[in-house]
Amino acid sequence: MALTRKQVEEIAHLARLNLTPEELDRFGAQLDSVLGYVEKLNELDLDGVEPTAHVLPVTDRGRADEERPGLSPDDVEAMAPDFRAGSVRVPRILEG
Amino acid sequence: MADLASLTIHEAAGLLEGKGASSEELTRAVFDRIRRLEADIHAYLHTMEESALESARASDARRAKGEARGPLDGIPIALKDNLSTKGVPTTCASRILEGYVPPYDATVVIRLREAGAVFTGKTNLDEFAMGSSTENSGFGPTRNPWDLARVPGGSSGGSAAAVAAGLATAALGSDTGGSIRQPAALTGVVGLKPTYGRVSRYGLVAFASSLDQIGPLTRDVRDAAILLEAIEGFDELDSTSADRPGGGYAARLEQPLAGFRIGVPREWFGEGLDPEVGAAVGEVRRVLERLGVACDEKVSIPRQDYGLPMYYLIAPAEASSNLARYDGVIYGLRKTAANMVEMYKETRSAGFGAEVKRRIILGTYVLSAGYYDAYYLKAQRARTRLREDFGAALASCDALLSPATPTPAFRIGEKTADPLQMYLNDVYTVSVNLAGLPGLVLPCGLSSAGLPIGVQLIGKAFDEATLLRIGHQYEQATRDASWRKRRPPLEGPRA
């Protein structure tokens with residue numbers, strides 16, 4: 001199960017990471033090693049077994065649809081990298 | 001005067017109540033130790049001396065009016081830096097959150113504040129809680145107070161080291177695959193991972209949402225009981241918190257153990273276990289037997305060996321989703337770029353360390369189309385089987401006994417070349433998170449090199465009371481043990 005460099009690049013793009021060529025090689029090799037290790041799970045017979053996404057027997061919890069205070073514009077201004085006229089400023093989203 | 005910074009919560013509470021010392025004196029004693037030792041240990045990312053002394057004085061004023069709030073009023077507590085603290089920097093030991101100041105408190109922080117606790121500061125961790133040594137911190141490692149060339153464990157290494165070295169009376173950490181229990185074992189303190197859902201995760205920066213839990217690191221079991229009582233309980237702000245009654249742990253610590261059964265699953269004592277660790281755990285078993293507890297070696301967790309493979313599929317998958325929010329838009333680091341996608345990539349690449357990047361990539365891969373069934377879903381099915389194994393074992397026992405770690409503390413840099421080598425440190429702890437059960441780690445001896453060894457007790461869901469009771473009585477039965485008289489070799493000025 002060897003991860004190709006191209007695969008690592010594609011995944012990095014999906015995860016919004018820029019990897020250097022050195023990182024592509026190093027992480028690729030390290031991840032190959034981990035993926036090789038987890039192959040051990042194939043020893044188990046898991047046919048028809050329900051997956052456990054969550055250990056507690058809880059289903060959807062809602063709350064009453066009541067208005068509650070959220071972040072104030074001042075809160076956001078204090079933490080935002082670029083805040084002008086009540087808005088967080090970001091680079092261009094759409095091309096063209 | 002007693003060495004105030006080395007007192008337990010309950011000893012300090014008794015002293016404060018009896019007017020033998022003030023919270024201000026206690027807090028100053030802790031900060032004096034921080035001034036002397038912190039440069040060598042690096043347990044903290046941010047200390048809060050001024051606000052701590054203010055809180056201490058407020059506590060003393062309350063007490064003078066007869067309005068003391070309980071055993072935590074005026075007690076210096078450290079908080080792992082992945083717990084949101086309003087107005088106080090919270091970095092998760094990551095450059096991507098350098099300078100980030102949360103506008104809100106975690107629920108556990110609110111509860112401790114209401115109990116009158118004095119916050120000493122935010123402790124170091126592996127970045128975003130990913131690691132077993134605190135070497136993955138974006139701001140430098142923490143050193144083990146017992147040997148400064150060694151790791152304190154991780155990811156709650158800063159909290160564990162602070163408690164071990166008297167740089168706080170107690171601390172909160174978080175545990176996803178062993179991050180409270182493993183550093184507790186390596187630094188000789190008590191660490192408790194509660195049952196999943198026992199303690200609200202609101203305000204704990206998420207790593208793996210189906211595994212994370214907040215818990216105490218303390219000098220003894222009574223302190224862990226006191227802290228659990230203060231922080232536990234249903235929280236409507238955490239939809240995964242359990243609506244279960246709790247409390248009364250401290251009051252029940254002394255109830256007799258005769259008739260209790262403890263399972264000692266054989267799979268946990270195989271290859272890879274340091275013989276001195278195995279021997280120390282064997283000795284714990286003998287102490288418990290003398291207390292009237294029956295130990296059953298026929299108990300088995302057949303799929304224990306699959307815990308690590310499962311964990312290193314599930315945890316990175318959940319982490320890749322949780323860490324998608326760090327994009328440079330509203331808070332934290334931003335690397336400006338020509339368009340949004342480039343901004344995300346530049347920001348995340350500059351802000352995240354290597355281990356975090358590795359886990360994000362692994363997690364993204366195992367969730368991706370074509371691989372989801374073969375990896376993530378398979379791991380979740382295997383998790384069901386592992387939970388069944390624990391259920392079966394705990395049907396005939398009150399608790400299980402195991403080593404906490406395969407070895408005592410290793411040297412800084414010793415396991416950083418191969419991520420898989422580092423992951424193997426979690427072999428005894430990850431299964432407990434996967435099953436959602438509570439786990440308590442207690443110091444049980446020192447190795448021939450003078451390094452702490454810990455033992456783990458695993459309980460039924462929501463049965464922290466049994467673990468704390470067994471742990472407390474083990475502690476009492478061994479209170480005169482020679483190894484308990486030794487302290488980390490830290491005293492005196494820097495050479």
Side-chain angles (χ1 to χ4, degrees), chain A residues 1 3 7-8 10-20 23 26-28 30-31 33-58 60-63 71-72 74-76 78-83 88-95, chain B residues 100-101 103 196-197 210 236 239-240 242 303 305-306 308-310 312-313 320 324 327-334 336-346 348-349 352 354 357-358 360-362 364-365 368 375 377-385 387 418-420 423 434-436 461:
Chain A
M1 173 88 300
L3 271 184
Q7 277 178 301
V8 183
E10 280 166 0
I11 298 158
H13 172 67
L14 285 175
R16 298 298 184 249
L17 292 170
N18 278 335
L19 298 185
T20 65
E23 281 172 328
R26 179 161 45 101
F27 290 170
Q30 288 167 336
L31 289 175
S33 166
V34 176
L35 288 171
Y37 176 69
V38 303
E39 290 288 323
K40 193 174 167 62
L41 290 180
N42 290 327
E43 293 169 12
L44 293 173
D45 176 14
L46 298 170
D47 256 354
V49 180
E50 278 300 298
T52 297
H54 192 59
V55 295
L56 284 179
V58 193
D60 291 337
R61 278 217 180 106
R63 66 170 174 85
L71 279 184
S72 70
D74 286 344
D75 286 333
V76 179
M79 71 176 81
D82 190 349
F83 188 90
V88 177
R89 204 157 167 272
V90 295
R92 172 187 296 278
I93 296 171
L94 301 170
E95 293 305 321
Chain B
Y100 167 65
V101 179
Y196 182 85
S210 81
E236 67 162 15
S239 63
T240 63
R303 282 158 287 220
D305 286 348
Y306 300 93
L308 270 177
M310 270 181 244
Y312 279 102
L313 285 173
S320 70
D327 56 17
V329 176
I330 296 180
Y331 53 83
L333 178 74
R334 178 194 287 196
T336 308
N339 60 60
M340 285 290 274
V341 172
E342 275 314 305
M343 184 183 86
Y344 294 156
K345 288 182 171 182
E346 297 284 320
R348 291 161 65 81
S349 305
F352 289 141
K357 284 178 182 164
R358 263 193 295 268
I360 289 172
I361 291 170
L362 177 58
T364 306
Y365 178 67
S368 64
Y375 290 118
L377 205 54
K378 184 171 297 179
Q380 294 287 43
R381 289 191 215 275
R383 185 178 184 180
T384 300
R385 286 288 187 241
R387 293 187 66 215
D418 177 7
L420 211 45
Y423 297 166
L434 289 162

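Order of the sequence lines sets the chain letters (A, B, ...), proteins ahead of strands, with each chain counted from 1.
A search for side chain to side chain donor-acceptor pair (under 3.5 Å) contacts involving B:E342 returns nothing, not counting sequence neighbours. For B:A382, the side chain to side chain contact (heavy atoms under 4.5 Å, CB included) partners are A:L41, A:L44, A:L46, B:M310, not counting sequence neighbours.
Looking only at side-chain heavy atoms (C-beta outward), A:L35 and B:L362 come within less than 4.5 Å of each other. At a threshold of 4.5 Å between non-hydrogen side-chain atoms, the residues B:P103 and A:L71 count as touching. Residues B:V341 and A:R16 meet the side-chain proximity criterion, which asks for heavy atoms closer than 4.5 Å.
Within the 3.5 Å criterion, the main-chain N or O of A:V55 finds no donor-acceptor partner in the side chain of B:R383.
In this structure, the portions of B:L308 lying under 4.5 Å from any heavy atom of chain A include both its backbone and its side chain. Heavy-atom distances place both the backbone and the side chain of B:A354 under 4.5 Å from chain A. Of the two parts of A:D75, only the side chain, counted from C-beta on, holds a non-hydrogen atom closer than 4.5 Å to a non-hydrogen atom of chain B. With a threshold of 4.5 angstrom between heavy atoms, A:V88 approaches chain B through side-chain atoms but not through N, CA, C or O. Contacts between A:R26 and chain B at a heavy-atom distance below 4.5 Å involve the side chain alone, from C-beta outward.
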Set out, in order, the CA-CA distance, both residues' side-chain angles and the distance that settles side chain to side chain contact (heavy atoms under 4.5 Å, CB included) for A:F27 and B:I361, then state yes or no. CA-CA 9 Å; A:F27 290 170; B:I361 291 170; 4.1 Å; yes
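The choice from B:R385, B:K378, B:R358 that makes the most heavy-atom pairs within less than 4.5 Å of chain A is B:R358.
In summary, A:E23 and B:K357 engage in a salt bridge, as defined by a charged side-chain N under 4.0 Å from a carboxylate O.
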